[in-house]
Amino acid sequence: MRSDSVKKGLEKAPHRSLFKAMGLTDEEINRPLIGVVNAKNEVIPGHIHLDKIAEAVKAGVRMAGGTPLEFPAIGVCDGIAMGHIGMKYSLASRELIADSIEAMTIAHGLDALVLIPNCDKIVPGMLMAAARLDIPTVVISGGPMLSIRKNNKDLDLSSVFEAVGEVQVGKMSDEELLMVEDYACPGCGSCSGMFTANSMNCLSEVLGLALPGNGTTPAVYAERIRLAKMAGIKIMELLANDTKPSDILTPKAFENALTVDMALGCSTNSMLHLPAIAHEAGVKLNLDIANDISSKTPNLCKLAPAGPHHIQDLYQAGGVQAVMNELSKKNLLHLDLPTVTGKSVGENIKNSAVQDYNIIKPIDKPYSITGGIAVLKGNLAPDCAVVKRSAVAQEMLVHKGPARVFDSEESAIKAILGGQIHKGDVIVIRYEGPKGGPGMREMLSPTSAICGMGLDKDVALLTDGRFSGATRGAAIGHVSPEAMEGGPIAIVREGDIISINIPEGRLDVELPQEEIDRRFAEWKAPEPKVKKGYLARYAKLVTSASTGAVLKN
């Protein structure tokens, strides 16, 4: 066992003494040592209950003959961090999470891991650590928050953000806003739509590192506790068989993830995190294949913010496994791949029939014949840009309009709330990429304000930053190369005509090449926004969004 390095032999008597200082018996020390990585904290609503998940995991590990050793991981709540300097730390925290798990696991000679994330960057950060360490690992998240119905409307976090814009234009009173604020987030769990956290928890099932049900079983259901106990039991089976993430995270597994991503209409952030996880697994994942997969993958679900349904509805309709079962009817998935259940993908999904075709559309009658995410290229995005196609109004799939240029999110929000944006405009927010931000902030506030003001069918927004999974509308992010690295978005000027053609995968500024070259000759990178601390170091090492914003080797 890997843990022999910290407990076997004469020279390890001091090490055993330290384990005994925590109350461990000789029998417990002699068993496999299983790291239980718990991201529980009292800041994130999706994590407030993870102590209960961890206790269930540890019970499962003990039942199966292992010794669980719990240690923490940090987490940033994207919702609370949104719209201020705190959001610069969200994506950057992904690397801290992966690095800290690596440090704890290797330093203490752990034999296997059970990872307990739930929200936003914590899920991919832990998956990156699993791929990097390559020891037996199971992921069990804390589960989604419920959405409740109030005043004939199902509410979620994006309802509150959009309500701000509605109040601004007089469509909602302060009293109505307070009602939405009070009821949109009714309890623990990852926010209830197909936002980033739930997208990645669902895709962890598809990749094969989480048990079926991980992505959709609500946080408050007893079934979630039973699933956590089963994760603790399963890790001992994986350890006995020495089944590692490298056995599971194959190129075909990532193709499956992209396919289900398109069918579910996941957050655009999945296009940032899947390449980063693949990078750690030694798998080359070029986002160019995303459009190829999208072209043959129907969009089967319209979950909030793209539609009226929430994760609890997907759960009732059969969950991720039912979506996969439906996709398999047209041979769109690799079914022979291994998973942490000990069974293949095909064996896992064979009995997972769709329970409600209003929530998960039949494969022959989808919402659209192409997937929920599109990757765009053009002279404004030579490497790539990403848009949640399933959440874009039909009228905005093809659009031309004058650029309204802002060098920060704050200045754009001020203009939007100040009534300075008009129908037809294309808002350009730059110097918010991984390096320029630094940290590639999510921008739910400006997009939600646009939607709340009723402009989502008239105004587009593009940025070298990124958007929350709760964003809807013609919001194009991840424009690469970013402005700070001299990408073409850096030389766009007020009034330039921006051409967007999502069906054809194009994003261009209508300028002759000579003018683009002239502007580049005059352009000079601005001073970094942050010059000390972790973010300054992060900005020097981070790569483009098109490569997952991983750190340079």
Does the side chain of Lys388 come within less than 4.5 Å of Pro305's, by heavy atoms? yes

Between Ile498 and Ala403, the two heavy atoms sitting closest are CG1-CB, 3.9 Å

Has the side chain of Arg94 got a donor or acceptor atom that lies under 3.5 Å from a matching backbone atom of Met128? no

Answer yes or no: are there more than 12 heavy-atom neighbours, outside Glu504 itself, under 6.0 Å from its atom CD? no

Is a side-chain N or O of Ser294 found less than 3.5 angstrom from the main chain of Ala290, in a donor-acceptor match? no

Could you tell me whether the side chain of Asn269 and the main chain of Phe467 form a donor-acceptor pair under 3.5 Å? yes

Sort out for me which residue in Cys119, Pro45, Cys188 forms a side-chain contact (heavy atoms from CB on, under 4.5 Å) with Met145. Pro45

With side chains defined as the heavy atoms from C-beta onward, is the minimum distance between Pro402 and Asp496 less than 4.5 Å? no

Nearest-0.5 Å distance, CD1 of residue Ile277 to CD of residue Glu280: 9.5 Å

Non-hydrogen atoms of Lys150 and Leu155 that approach each other most closely: CB-CD1, 3.8 Å

Has the side chain of Gln312 got a donor or acceptor atom that lies under 3.5 Å from a matching backbone atom of Ser147? yes

Determine, stepwise, if the pair Ile421 / Ile450 fulfils side chain to side chain contact (heavy atoms under 4.5 Å, CB included). CA-CA 9 Å; Ile421 303 301; Ile450 288 168; 5.8 Å; no

Could you tell me if the side chain of Tyr89 sits less than 4.5 Å from the side chain of Leu96, heavy atoms only? no

Flag, side chain of Glu432 to backbone of Arg441, donor-acceptor distance under 3.5 Å: no

Check Asn286, Leu285, Val283 against Pro275 for a side-chain contact (heavy atoms from CB on, under 4.5 Å) and give me the one that passes. Leu285

Pair Glu522, Ile491 - check side chain to side chain contact (heavy atoms under 4.5 Å, CB included), show working. CA-CA 9 Å; Glu522 298 174 355; Ile491 54 91; over 6 Å; no

List the steps and the verdict of side chain to side chain contact (heavy atoms under 4.5 Å, CB included) for Met194 and Ser267. CA-CA 7 Å; Met194 189 53 80; Ser267 163; over 6 Å; no

Would you indicate whether Lys171, at its atom NZ, is surrounded by more than 12 heavy atoms from other residues, nucleotides or ligands within a distance under 6.0 Å? yes

Please find the pair of heavy atoms, one from Ile502 and one from Met396, that lie closest to each other, and give the distance. CD1-O, 4.3 Å

Are Ile427 and Pro446 packed together at the side-chain level, in the sense that at least one heavy-atom pair is separated by less than 4.5 angstrom? no

To the nearest 0.5 Å, atom CE of Met126 lies from atom OG of Ser141 at 10.5 Å

CZ of Arg506 to CG of Asn501: how many Å apart, nearest 0.5 Å? 9.0 Å

In this structure, CG of Leu207 is separated from SG of Cys202 (nearest 0.5 Å) by 11.5 Å

Nearest 0.5 Å please: distance from the CD1 atom of Ile497 over to the CG atom of Asp508. 13.0 Å

Give a yes or no on whether the backbone of Asn118 and the side-chain of Asn201 come within a donor-acceptor separation of less than 3.5 Å. yes

Should the pair Glu42-Lys40 be classified as a salt bridge under the 4.0 Å nitrogen-to-oxygen rule? yes

Closest heavy-atom pair, Leu127 versus Ser204, reported as atoms and distance to 0.1 Å, is CD1-CB, 4.3 Å

Chi angles and distances behind the salt bridge (Lys or Arg N to Asp or Glu O under 4.0 Å) call for Glu176, Lys153: CA-CA 12 Å; Glu176 289 171 315; Lys153 183 180 180 182; over 6 Å; no

So side-chain hydrogen bond (donor to acceptor under 3.5 Å, both in side chains) across residues 366-383, not counting sequence neighbours, yields Asp288-Lys377

Counting C-beta onward and ignoring hydrogens, is there a side-chain heavy-atom pair between Asp313 and Asp154 closer than 4.5 Å? no

Salt bridge flag under 4.0 Å for residues Glu515 and Arg518: yes

Do you know the tightest heavy-atom contact between Ile97 and Gly125? CG2-C, 3.9 Å

Would you find a donor on one side and an acceptor on the other, under 3.5 Å apart, between the side chain of Thr463 and the backbone of Ile429? yes

Check: Asn198 side chain, Phe195 main-chain N or O, donor-acceptor pair, under 3.5 Å: no

Return yes if some donor-acceptor pair links the side-chain N/O of Lys529 with the main-chain N/O of Tyr431 below 3.5 Å, else return no. yes

I would like to know whether Ile122 and His47 meet side chain to side chain contact (heavy atoms under 4.5 Å, CB included); could you show each step before the answer? CA-CA 10 Å; Ile122 301 92; His47 289 219; 3.8 Å; yes

Between Asn299 (side chain only) and Cys301 (backbone N and O only), is there a donor and an acceptor less than 3.5 Å apart? yes

Show me the side-chain donor-acceptor pairs of residues 546-553 shorter than 3.5 Å, one per line, residues at least two apart or across chains.
from	atom 1	to	atom 2	distance (Å)
Ser546	OG	Ser544	OG	2.9
Thr547	OG1	Thr543	OG1	3.0
Thr547	OG1	Ser544	O	3.0

Heavy-atom pair of closest approach, residues Ile476 and Leu507: CG2-CD2, 4.1 Å

Given salt bridge (Lys or Arg N to Asp or Glu O under 4.0 Å), test Lys88 with Glu409 step by step and report yes or no. CA-CA 11 Å; Lys88 294 178 184 289; Glu409 178 185 9; over 6 Å; no

Is there a side-chain contact between Val398 and Pro503 in this structure, where contact means two heavy atoms from C-beta onward sitting under 4.5 Å apart? yes

Checking Thr447 against Thr471: is there a side-chain donor and acceptor pair closer than 3.5 Å? yes

Are Lys121 and Asp78 within salt-bridge range, i.e. N to O under 4.0 Å? yes

Considering only heavy atoms from C-beta outward, does the side chain of Leu417 approach that of Met453 to under 4.5 Å? yes

Atom CG of Leu303 and atom OG of Ser192: how far apart are they, to the nearest 0.5 Å? 10.5 Å

For residues 458-482, which residue pairs qualify under salt bridge (Lys or Arg N to Asp or Glu O under 4.0 Å), counting only residues two or more places apart or in two chains? Glu162-Arg472, Glu442-Arg466, Asp456-Arg472

Using 30° and 60° as the class boundaries, would you call the ring planes of Trp523 and Phe520 parallel, tilted or perpendicular? perpendicular

Does Arg430 reach the side chain of Asp407, with side-chain heavy atoms less than 4.5 Å apart? yes

Within the supplied structure, the quantity of interest is the number of heavy atoms (other residues, nucleotides, ligands) at a distance under 6.0 Å from Gln394 CD; does it exceed 12? no

Under a 4.0 Å N-O cut-off, is there an ion pair linking Arg132 with Asp99? yes

